[in-house]
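Proteins get letters first, then strands, A, B, ... in listed order; numbering begins at 1 in each.
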Number of protein chains: 2
Amino acid sequence: MPNDAPLATRFDEWQAQGFDAEACPVRNVLDRIGDKWTSLLLVALAAKPRRFSELHRAVPDISKRMLTQSLRDLQRDGLITRHVFPTKPPSVEYRLSPLGQSAMAPLASLIDWAERSFAKIKASRAAFDAADTSEHVAAA
Amino acid sequence: MPNDAPLATRFDEWQAQGFDAEACPVRNVLDRIGDKWTSLLLVALAAKPRRFSELHRAVPDISKRMLTQSLRDLQRDGLITRHVFPTKPPSVEYRLSPLGQSAMAPLASLIDWAERSFAKIKASRAAFDAADTSEHVAAA
DNA sequence: CGGGATCCTGCAAGATACTG
DNA sequence: CAGTATCTTGCAGGATCCCG
């Protein structure tokens with residue numbers, strides 16, 4: 001039940017429901033988006049439909065196993081559709097479903113934020129790690 | 001370098017850079033957001049600053065270990081700040097940094113999408129699993 | 001109270017090989 | 001080409017105890 005209450009209020013609601021993993025949209029959906037590969041695959045498919053090996057090349061360091069599994073997860077959630085062309089050899093095309101397309105706007109806004117903030121985050125990490133190291137040095 | 005090119009174009013750029021994990025904002029930032037706990041903690045802190053054990057209660061099924069670690073990750077990325085009050089016993093307060101606050105808008109839009117789409121996703125999952133099962137049954 | 005250190009385990013995911 | 005099946009392992013993360 002989406003509503004326009006501030007996040008803080010909704011957090012209280014989720015909390016009241018014990019954050020039931022089955023019921024909580026944040027956990028259900030963010031777990032998928034945050035998956036190492038799924039959001040990358042969604043973006044890859046946002047450009048255009050692609051075939052299995054095309055995706056494999058597009059995302060170089062994913063294993064065939066994980067690619068298959070990630071695609072099936074996305075399909076199971078209804079974010080992408082899978083079309084088999086019974087050619088020889090077979091070819092399979094994946095494309096965003098309408099639901100998947102509807103995810104792109106919020107996902108893009110998050111990616112925008114990520115790109116805008118990346119420099120600050122890197123700087124913060126460097127500072128944090130430097131402080132950590134110098135403490136170790138001081139302690140040693 | 002944030003820009004207003006469509007995601008598809010930016011994907012090609014990332015790809016050209018080999019998706020270097022150190023350089024790619026998507027991987028760097030989404031990995032954190034998608035973390036099982038961090039986004040939940042951000043939302044919890046969006047309401048108001050909270051202390052360690054308060055957060056522990058707010059997110060019931062996180063272990064102390066993971067809470068500590070998630071908070072340190074968020075602090076390292078500069079999304080939250082940590083304030084130690086040398087009372088007895090000590091109390092530590094966490095709160096969103098300006099950078100963390102700037103993340104809330106895109107995060108909220110994603111959560112909105114999640115809540116709006118959750119019913120569809122659940123339905124899709126159910127249909128997918130049912131098809132799977134019936135195939136097994138048919139095969140058996 | 002707010003952690004750190006240590007031990008231990010399960011499962012996520014890589015590597016490899018096979019198939020329609 | 002587009003996957004499955006099996007085996008194997010690393011390490012995320014829980015449980016427990018300790019400490020200032």
Side-chain angles (χ1 to χ4, degrees), chain A residues 19 21 27 30-41 44-45 49-76 80-95 128-129 131-133 135-136 138-140, chain B residues 19 21 27 30-41 44-45 49-76 80-95 128 131-133 135-136 139-140:
Chain A
F19 283 109
R27 310 190 78 156
L30 273 276
D31 274 15
R32 181 107 315 144
I33 296 297
D35 215 75
K36 187 169 184 181
W37 307 110
T38 47
S39 49
L40 222 43
L41 290 173
L45 291 173
R50 296 182 197 248
R51 293 175 41 193
F52 186 87
S53 42
E54 205 179 342
L55 283 167
H56 202 359
R57 281 188 300 274
V59 184
D61 53 350
I62 190 175
S63 67
K64 256 191 336 183
R65 190 172 131 77
M66 288 316 292
L67 179 55
T68 302
Q69 183 179 305
S70 302
L71 288 170
R72 237 201 295 93
D73 286 345
L74 288 171
Q75 188 196 354
R76 187 173 106 100
I80 67 176
T81 57
R82 179 175 180 270
H83 306 271
V84 182
F85 299 98
T87 56
K88 189 180 83 136
S91 81
V92 181
E93 190 184 78
Y94 295 90
R95 62 175 65 203
F128 187 92
D129 295 346
D132 230 33
T133 301
E135 276 177 31
H136 287 321
Chain B
F19 284 109
R27 308 190 78 155
L30 273 277
D31 274 15
R32 182 108 314 146
I33 296 298
D35 215 75
K36 188 168 184 182
W37 306 111
T38 47
S39 48
L40 221 43
L41 290 174
L45 291 174
R50 295 183 198 247
R51 293 175 44 191
F52 185 88
S53 41
E54 204 179 343
L55 283 166
H56 202 359
R57 279 189 301 273
V59 184
D61 53 351
I62 191 175
S63 67
K64 256 191 337 182
R65 189 173 136 77
M66 289 316 293
L67 179 56
T68 303
Q69 182 179 306
S70 303
L71 288 170
R72 235 201 297 95
D73 286 344
L74 288 170
Q75 188 196 354
R76 187 173 107 101
I80 66 175
T81 56
R82 180 174 180 271
H83 306 269
V84 182
F85 299 99
T87 56
K88 189 178 85 127
S91 83
V92 180
E93 190 184 79
Y94 295 90
R95 62 175 65 202
F128 187 92
D132 229 35
T133 301
E135 275 177 31
H136 287 321

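Close approach of DNA chain C to chain B, defined as any atom under 4.0 Å from a non-hydrogen atom of the protein, starts and stops at C:dC1 to C:dT6.
Within the 3.5 Å criterion, the main-chain N or O of A:Ile33 finds a donor-acceptor partner in the side chain of A:Ser39. Side-chain atoms of A:Arg50 come within 3.5 Å of backbone atoms of A:Ala44 as a donor-acceptor pair (strictly under, hydrogens ignored).
Distance, A:His56 NE2 to D:dT4 P: 13 Å, rounded to whole Å. Nucleotide D:dG3 holds its P atom 9 Å from the CZ atom of A:Arg72, rounded to whole Å. Distance CG (A:Leu71) to C1' (D:dC1): 14 Å, rounded to an integer number of Å.
Note that the two end axes of the helix from C:dC1-D:dG20 to C:dG20-D:dC1 enclose an angle of 50°, each drawn from 5 base pairs, rounded to 10 degrees.
Residues of residues 86-95 of chain A having a heavy atom closer than 4.0 Å to DNA chain D, listed by number: A:Pro89, A:Pro90, A:Ser91, A:Val92, A:Tyr94.
Partners of B:Pro49 under the side chain to side chain contact (heavy atoms under 4.5 Å, CB included) rule, at least two apart in sequence or in another chain, are B:Glu93, B:Arg95.
Taking the side chain as every heavy atom from C-beta outward, A:Arg72 and B:Phe128 approach each other to under 4.5 Å.
Nearest heavy-atom pair, B:Pro86 versus B:Val84, reported as atom, atom and distance to 0.1 Å: CD-O, 3.6 Å. When all heavy atoms of A:Asp31 and B:Lys36 are compared, the pair lying nearest together is OD1-CA, 4.3 Å. Closest approach of A:Ile80 and A:Tyr94 over heavy atoms only: CD1-CD2, 3.8 Å. Across all their heavy atoms, B:Thr81 and B:His83 have their closest contact at OG1-NE2, 3.0 Å.
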Handout entry: Residue pair A:Leu71, A:Trp37: steps toward the side-chain contact (heavy atoms from CB on, under 4.5 Å) verdict
Key = CA-CA 9 Å; A:Leu71 288 170; A:Trp37 307 110; over 6 Å; no
Practice task
Applying side-chain contact (heavy atoms from CB on, under 4.5 Å), run through B:Leu74 and B:Leu41 and close with a yes or a no.
Solution key: CA-CA 9 Å; B:Leu74 288 170; B:Leu41 290 174; 4.1 Å; yes
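For the atom pair CZ (B:Arg65) and CG (B:Leu67), the distance works out to 12.5 Å, reported to the nearest 0.5 Å. With values rounded to the nearest 0.5 angstrom, B:Ser70 atom OG is found 4.5 Å from B:Ile62 atom CD1.
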Distances under 3.5 Å between nitrogen or oxygen atoms of protein and nucleotides 12-18 of chain D:
from, atom 1, to, atom 2, distance (Å)
D:dG13, N7, B:Arg65, NH2, 2.7
D:dG14, OP2, B:Ser63, OG, 2.7
D:dG14, N7, B:Arg65, NE, 3.3
D:dG14, O6, B:Arg65, NE, 3.1

Could you pull out every donor-acceptor pair under 3.5 Å between side chains of residues 51-60 of chain A and any protein atom, sequence neighbours left out?
from, atom 1, to, atom 2, distance (Å)
A:Glu54, OE1, A:Arg51, N, 3.0

